[in-house]
Amino acid sequence: MDCLFCKIATGEIPSTKVYEDDTVLAFNDINPEAPVHILLIPKQHITSMADITEENSAVVAHIFEVAAKIAAEKGFADGFRVVSNCGDSAGQTVKHLHFHLMAGRDFGWPAG
Ligand code: 5GP
Ligand code: ZN
């Protein structure tokens with residue numbers, strides 16, 4: 001499968017890693033929208049949030065544990081945003097499930 005984030009997960013395409021374990025990788029976004037902009041992905045290919053099921057959702061729970069840990073370790077636990085764009089109309093450009101973890105500035109709401 002020709003998937004950018006699968007290749008980042010295996011290391012075939014390099015990334016600036018923030019956290020890694022057997023099932024999850026977190027790395028800096030190449031085009032940051034905030035002073036801190038980290039992407040969290042499952043290493044297994046899941047296309048989007050629309051493809052989360054009872055069978056594969058454990059890794060999603062784990063991703064959120066990792067996000068909280070990164071926020072605490074980097075000292076921004078009191079203010080950050082997690083976003084997952086699902087599908088073309090929501091602006092999903094990479095079709096491998098990922099969560100944007102952003103911090104370091106104020107965020108407006110609702111997001112545009
Ligand atoms: P989406 O638009 O699908 O929600 O988010 C995809 C994100 O991946 C974008 O924020 C984009 O900057 C980031 N991105 C795209 N290609 C690369 C890459 O090769 N390396 C890294 N680190 N981030 C990427
Ligand atoms: Zn993939």
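Note that the structure is predicted; figures quoted are calculated from it, not measured. Order of listing sets the numbers, starting from 1, for every ligand and every atom in it.
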The reported gap from CD1 in I70 to CD1 in I63 (rounded to nearest 0.5 angstrom) is 10.0 Å
Taking everything shown except K7 itself, do over 12 heavy atoms lie less than 6.0 Å from its NZ?
yes
Ligand 1 atoms nearer than 4.0 angstrom to some heavy atom of Q92 are 3 (O)
Degrees at the Zn ion (ligand 2) between the ND1 atom of H96 and the SG atom of C3, nearest 10°
110°
Residue pair E54 / S57: nearest heavy atoms and the distance that separates them:
O-OG, 3.7 Å
Considering only heavy atoms of F27, which atoms of ligand 1 have at least one such atom less than 4.0 Å away?
21 (C), 22 (N)
Salt bridge (charged side-chain N to carboxylate O under 4.0 Å, His left out) partner of K95, chosen from D2, D51, D88:
D88
Protein heavy-atom partner closest to atom 1 (P) of ligand 1 - residue, atom, separation in Å
H98 NE2, 3.1 Å
Of all the heavy atoms in H100, does at least one lie under 4.0 Å from an atom in ligand 1?
yes
For atom 23 (N) of ligand 1, the closest protein heavy atom turns out to be I30 N, 3.3 Å
Side chain or backbone of F5 under 4.0 Å from ligand 1, or both, or neither, by non-hydrogen atoms?
side chain
Ligand 1 to S15 polar contact by distance, N or O atoms, under 3.5 Å:
no
Please round to the nearest 0.5 Å and tell me the distance separating atom NE2 of H98 and atom CD1 of I38.
14.0 Å
Find the distance between NE2 (H62) and CG (D22) and round it off to the nearest 0.5 Å.
8.5 Å
Of the side chain and backbone of I8, name the one, both, or neither that has a heavy atom under 4.0 Å from an atom of ligand 1.
side chain
Straight-line distance of H96 NE2 to L4 CG, nearest 0.5 Å
9.5 Å
In terms of residue, atom name and distance, what is the protein heavy atom nearest to atom 16 (N) of ligand 1?
L4 CD2, 3.3 Å
What about G91: any of its N or O atoms under 3.5 Å from an N or O on ligand 1?
yes
Heteroatom of H45 nearest to the Zn ion (ligand 2) (N, O or S, atom name):
ND1
Side chain, backbone, both or neither: the part of V83 lying under 4.0 Å from ligand 1 by heavy atom:
neither
Which residue holds the protein heavy atom closest to atom 3 (O) of ligand 1, what is that atom called, and what is the gap in Å?
T93 N, 2.7 Å
Quick check for you: to the nearest 0.5 Å, what is the distance between C3 atom SG and I41 atom CD1?
8.0 Å
The protein heavy atom nearest to atom 12 (O) of ligand 1 is D29 OD1, 2.5 Å
Looking at the rings of F64 and F99, which for Trp means the six-membered one, are their centres under 6.0 Å apart?
yes
Around atom 22 (N) of ligand 1, find the nearest protein heavy atom and jot down its residue, atom name and distance.
N28 O, 2.9 Å
Taking only heavy atoms of N31 into account, list the atoms of ligand 1 that are under 4.0 Å away from them.
12 (O)
For the pair H37 and H100, name the ring-plane relationship: parallel under 30°, tilted 30 to 60°, perpendicular over 60°.
tilted
Rounded to the nearest 0.5 Å, what separates atom NZ in K17 from atom CG in N28?
12.5 Å
